[in-house]
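Naming: A, B, ... by sequence-line order, numbering from 1 per chain. Since the structure is predicted, the reported quantities are computational estimates derived from the model, not experimental observations.
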Amino acid sequence: MKRKDKRKPGDLRSVEIKAGVIEQADGSAMVKMGRTIAVAAVYGPREMHPRRMRKSERAFLKTTYRMAPFSTTDRCRPGRSRRSQEISMVTREALEPAIFLEEFPKTGIYLFIEIIQADAGTRTAGINAASVALADAGIPMRDLVASVAAGKIGKDYFLDLEYKEEEETAADVPVAYMPRTKEITLLQMDGDLSVKDMKGVLQTAIKGCEIMYEKQKQALRERWGPNAADVKKELKTKTAKPPSGTLRGTPSGAQASTKTEKKR
Amino acid sequence: MKRKDKRKPGDLRSVEIKAGVIEQADGSAMVKMGRTIAVAAVYGPREMHPRRMRKSERAFLKTTYRMAPFSTTDRCRPGRSRRSQEISMVTREALEPAIFLEEFPKTGIYLFIEIIQADAGTRTAGINAASVALADAGIPMRDLVASVAAGKIGKDYFLDLEYKEEEETAADVPVAYMPRTKEITLLQMDGDLSVKDMKGVLQTAIKGCEIMYEKQKQALRERWGPNAADVKKELKTKTAKPPSGTLRGTPSGAQASTKTEKKR
Amino acid sequence: MKRKDKRKPGDLRSVEIKAGVIEQADGSAMVKMGRTIAVAAVYGPREMHPRRMRKSERAFLKTTYRMAPFSTTDRCRPGRSRRSQEISMVTREALEPAIFLEEFPKTGIYLFIEIIQADAGTRTAGINAASVALADAGIPMRDLVASVAAGKIGKDYFLDLEYKEEEETAADVPVAYMPRTKEITLLQMDGDLSVKDMKGVLQTAIKGCEIMYEKQKQALRERWGPNAADVKKELKTKTAKPPSGTLRGTPSGAQASTKTEKKR
Amino acid sequence: MIIQNQHVLNMASKGQRIDNRGQDEYREIDIERNPVEKAEGSAKVTLGKTIVIAGIKMGIGKPFSDRPDEGVLMVNAEFSPIASPNFEIGPPGDDAVELARVVDRGIRESHAIDLRKLCIEKDEKVWMVNVDIHIINHSGNLIDASAMASIAALWEVRLPELKGNEINYDKKTSKRLPMTAKPVPVTFVKMEGNLFMDPGLEEEEVMEARLTVTTRDNGNIVSLQKGGAKPFTQDEIENAFALAEKKTKELRKLLN
Amino acid sequence: MIIQNQHVLNMASKGQRIDNRGQDEYREIDIERNPVEKAEGSAKVTLGKTIVIAGIKMGIGKPFSDRPDEGVLMVNAEFSPIASPNFEIGPPGDDAVELARVVDRGIRESHAIDLRKLCIEKDEKVWMVNVDIHIINHSGNLIDASAMASIAALWEVRLPELKGNEINYDKKTSKRLPMTAKPVPVTFVKMEGNLFMDPGLEEEEVMEARLTVTTRDNGNIVSLQKGGAKPFTQDEIENAFALAEKKTKELRKLLN
Amino acid sequence: MIIQNQHVLNMASKGQRIDNRGQDEYREIDIERNPVEKAEGSAKVTLGKTIVIAGIKMGIGKPFSDRPDEGVLMVNAEFSPIASPNFEIGPPGDDAVELARVVDRGIRESHAIDLRKLCIEKDEKVWMVNVDIHIINHSGNLIDASAMASIAALWEVRLPELKGNEINYDKKTSKRLPMTAKPVPVTFVKMEGNLFMDPGLEEEEVMEARLTVTTRDNGNIVSLQKGGAKPFTQDEIENAFALAEKKTKELRKLLN
């Protein structure tokens, strides 16, 4: 079956990822998936407020997902909605497994995700941006978290649905995944699928996460790798953050696995 | 004059009281007065938040009265209304005189009252439930507080008005009363009564409180008395709370009067 | 050009100022400018809440401007509006330059302005009342702040616009001014003026402030001067506050200038 | 502070008050009519040092569905922070809500306004009467001062002109509200077992219990409200009824 | 507390539970129909010590502009502070919002209510179905208890009489909601790598991850929700699908 | 921090700036048109490191009763916490409210939009113009960046198709807003008695006073806003008028 934008069922929409887009933040990233645009910024680890949310044995990942009023077809009113409250929570839970939170007891890591344009898949775009922003901030991570949704239209499993496809699909299944440990950190589903199809869609989404993962790593290399043009420019104007933490997050980094073994 | 439900003017509606209905709470009770259903739970004494509400010389009885959205004819929106705010306050003031608050300086006793079904007399049902819940929690009390409303229809003083009677009565007079000390802790009135009638209605309400009082004591005996089936069952599964405080609240308890004398 | 109420272009509306109108406050004043009525009260310096707004090197002037619901043509709903929030801020900034805030580090000076009747010029009336209230509270000040708006109707620069004039003026320019140091502490403008006219209107407003200033000083003399009837009456019933701080604020006070030199 | 409180109580135990008033004596009361011209009606009550302004704004709205042919009365009280170091900015606290509701019930239960006459079009359009109570200085007994200011303001109302669905607030007509009664509150506090009318601020701080008795013109009681953390005996309450009946005649004269 | 937590985990690592249940065993479930007569439909679910009441109130309103011919379903959950020392007063917290949204999606995605039949007048007037979930005691697994209470309550609804734009709540008709399905949730937690159904409160406190699988009558999955700060493997999730498929048949019987 | 602040002030006292700009020199300005296709119009302004997006969403609504034949302009600014470690979640703070109101006044007072042409049906139906300002990175001078982004976005608007009372957002027409002017703000700060245009974040932290002068195409002033805790002299203000008049011509070119 053909898709309206001529993608194959297993294709992602066009993806663009850029790390380090917000000067004020400790780490940041912008992710475009088709027309959907998400920006994420990380501040911290720093003192956790309010005090009662402080965890004695680990950092708290304070996560806020929001949509710009002009990001949607109908203007969406600023302020917290029940939808954004839930997405903030599942986004936090999607990322926590990847972070060595125990290295920063009592602190808060503040993660803000803003949707600049919404065209399906905003929570997955937000998680992808957040994951890169956390790495960009030098927060030590077990792995990057990659996120893509999948669905079923007709008899095919379709990856990374766009807005018009969301209306036709038998189900919408956003998944977040850590490719190195092969673990699922986000799984939601709305729709109507047999168990067999459900497994097929899940398998499709996981494959999409693996593709996304490569693009996230590429963006971090462009920002912090030996040939990163930006870094050189940055170094002149401000004290560069050591990207050590980021390296731990990449699967090639031996440091990352050692860390993981030690901590687990 | 006959009442729609065939009660005599001085009759209460059918009353059902059950102590210890909420496992998580330190004390709890359910009260049905006709179709009106109130549930009360007590947590504490425990640390008082926010700090600025802490009283150096006594416990603070933080009282919250609320209605379930489905409790009323028209759905009532969750959240605080001016009515519920006022009832929370007068309920607190109706109960404070009965509690040895001075035994727990700086702490908070948290009292929550939920109206599950509203059919007139919700504040009196709430106070009755709260009083039993406080005793169930082992909070030391001078007496139980009993509460019933009265009114005047035609020439008669009617006790414990139901919803349809509330529309016909010349006045609605909710009263809370401590039978042992013969003191009035709640008195409100809306309507139009001569001073003579006002006295008659007040006298009627007080008699109603005395009847209610016996039913409250009965409920506590069923929960904590020597033959309480529930208690035995409870003892197996969790550490039973010593019901000593409760006993002080019953008029038969010598301990209660001693306490009162010492403290006053 | 004649004005509807027969004032000359450079005339203020009828002005009435009274200091010490609220017994509970540390300082207070009522100002009438035509039909506009503002009341201001000052509490403090006292402990600053919340703590995070405390300034280590000076007092914080917490300023709240509000309108009574019945003060306007259409009832204005109680609670903060964006307009009142902005006016609270510019009012604070209009007054801060006049106060020796550095004498009271870490404290809060609480200033409340209530508009009882709104008929144009409420922010200027509020600043005038606040300034007198601060002096009445004995807060040490470099100078009183006087405030008047000006505009342009036809070819004339008009002082202290009333409600109906506000609809005709080419611009509304509220100004606050410290006459002794000749400094401008508030300047806003809405309208459409050439630079030349803008200068003319500003000059007009400054002249108005100088007139207002004399009336403010007069009100303080009536309250605290040697012939103040009120003070004598006050002294009998409560411990009078030493009006020393106030004196510093008057241009005749040598103490004020010394202070200024030392502090700057 | 504590010494002051003890002093108030010591005097109270002998039936005396720190300002030498009798137990059933009010502080000086002054009622100024229409201090706020922009309101459809207003009144400023000065009760000793306590100052309260009540302002009435009329509006047009839909009736409540269970009273399709009646105007709507809304009473709102704000404890403005200008009036006391203890008042805070924010949504009305317990005391402000109680104050508004007690004033509201006095007006409503005495049928002081004939709300049926405020219906413009059944089910669709009725007058809304907004009573806003503004506390300027809090020196005790806000309930009595606010209730008197509100009823005085209501009697002063001149309705604005109505043009279709819009109110022309700039044109006041000579029409008044359909007023029928002047409910008057009398507030007592109990200190050391004695009852005192019109409590001052220092008395409210130490009072054991509070009772407001609101009566209408014929002496009937239309509203009661007990406050405070201690109880009353039945005798004390019946005694208050009798004392209120007398005092209310005196206070009602101020409203004429 | 920490010793208790460790104990739960030690048993879990051996596939055991502190109340001796099997990994796929629910606590005792009781469903009481219509405990609240004022609601159009209601149900009280007792799941072990957990107690939840769901009440349905019908209303009339405008349809959403993108669904002009469909009734409106709204699910709301409140974690009333009577139910747990950890619940606070205020707007719904993350857990309450997630609970409401998971219940909502189960009902919506299974098309349990045929919303098109709730249209009264296209673009203008449709029935609103308010599902309010009230937690009375929180002893674990609120999702399953709430979803079952909600669907049971919906099946009990008797529509009130409609008169023009007004609902006469005092007259219930014999008409029911156009119900078509009974979606049933099965919630698992993962502890020490093992899966357990129907977590108790002590288990929720130490669980690594949570998964709710909601199926409709034919066994199809209509909603999934993962929770918790740790991941699942693909195998674990597929295993959960299989276990849920079995258990759901048993639970669905309780709703008949 | 304090050393940094002192350094900024030391340079300012000599008329110098830490990034070597002249007193009347802006940082590099880039305006990207329509970065957000879902908005009816949008613009992203990069001013040095400061990044602001303004998006316009059109709606349909009732006019204000005192302007029955005019469309409605609403400007809203959010200091999103992504943009600065000092921004917090919650209702707009003082700075955000001031920002929105200053931008609003510039547009309104210059009559940049002919609101009368946005009336669809008098008294009943007009276009609503929602300007939402979103701060992406805060590196100083949000007012100028936001005002320029807003006016650029307004000039880009393509109205969506109107079908009765509903807007079909998926179909944009070729119709534009009735734009008439390009108001341009110039913001100064005073440090050590000298005036500097386009303050950076480090300069805003130590500035004594701030003045924004907004002019329309013919050079007339349409809006002024003073900020900051210190005063200006009359000379300083008149000097700012003259400097703004010059600079505004340069800035206006960027909007063409």
Within the supplied structure, the quantity of interest is the number of heavy atoms (other residues, nucleotides, ligands) at a distance under 6.0 Å from A:R46 CZ; does it exceed 12? yes
Applying a strict 4.5 Å limit to non-hydrogen atoms, the region of E:A100 in contact with chain A is side chain
Between OG1 of E:T212 and CE of A:M189, what distance do you get to the nearest 0.5 Å? 13.5 Å
Which region of E:E245, side chain (C-beta onward) or backbone (N, CA, C, O), has a non-hydrogen atom less than 4.5 Å from a non-hydrogen atom of chain A, or is it both or neither? side chain
Under a 4.5 Å heavy-atom cutoff, which of E:V222, E:V97, E:I237 has the most pairs with chain A? E:V222
Point-to-point distance, once rounded to the nearest 0.5 Å, from CZ of E:F232 to CD of A:E183: 11.0 Å
Report, by ascending residue number, the residues of residues 75-84 of chain E in heavy-atom contact with chain A at a distance under 4.5 Å; give 'none' if the set is empty. E:V75, E:N76
Proximity of residues 139-155 of chain E to chain A, residues having a non-hydrogen atom under 4.5 angstrom: none
Give the minimum heavy-atom separation between A:P97 and E:A229, together with the two atoms involved. CG-O, 3.3 Å
Chain E interface, residue from A:K182, A:R82, A:E96 that has the most non-hydrogen pairs under 4.5 Å: A:R82
NZ/NE/NH1/NH2 to OD/OE distance under 4.0 Å, A:E86 and E:R105: yes
Indicate yes or no for a side-chain donor-acceptor contact from A:E93 to the backbone of E:G228 under 3.5 Å, with no hydrogens or angles considered. yes
Options A:D190, A:T185, A:L101, ranked by heavy-atom pairs under 4.5 Å with chain E, top entry: A:D190
First locate atom CD of E:E98, then atom CD of A:Q188, and finally report the distance between them rounded to the nearest 0.5 Å. 8.0 Å
Side chain from CB out, backbone as N, CA, C, O: work out which of these in A:L61 comes under 4.5 Å of a heavy atom of chain E, or both, or neither. neither
Between A:R83 and chain E, with a heavy-atom cut-off of 4.5 Å, which part of the residue counts as in contact: side chain, backbone, both or neither? both
E:R216 portion near chain A, given a 4.5 angstrom heavy-atom threshold: side chain
Out of curiosity, E:Q225 CD to A:L187 CG, how far, rounded to the nearest 0.5 Å? 8.5 Å
Evaluate the side chain to side chain contact (heavy atoms under 4.5 Å, CB included) criterion for residues E:E109 and A:D192: first the C-alpha distance (whole Å), next the side-chain angles of each, then the deciding distance (0.1 Å), finally the verdict. CA-CA 7 Å; E:E109 299 297 335; A:D192 193 340; over 6 Å; no
Distance in Å, E:I221 CD1 paired with A:S194 OG, rounded so as to fall on 0.5 Å steps: 8.0 Å
Step through the shown structure and confirm whether more than 12 heavy atoms of other residues, nucleotides or ligands are within 6.0 Å of NZ on A:K207. no
Is there a donor-acceptor contact under 3.5 Å from the side chain of E:E238 to the main chain of A:V195? no
Hey, what do you get for NZ (A:K196) to CG (E:N220), rounding to the nearest 0.5 Å? 11.5 Å
Hey, are the side chains of E:Q234 and A:I206 touching, using non-hydrogen atoms and a 4.5 Å cut-off? yes
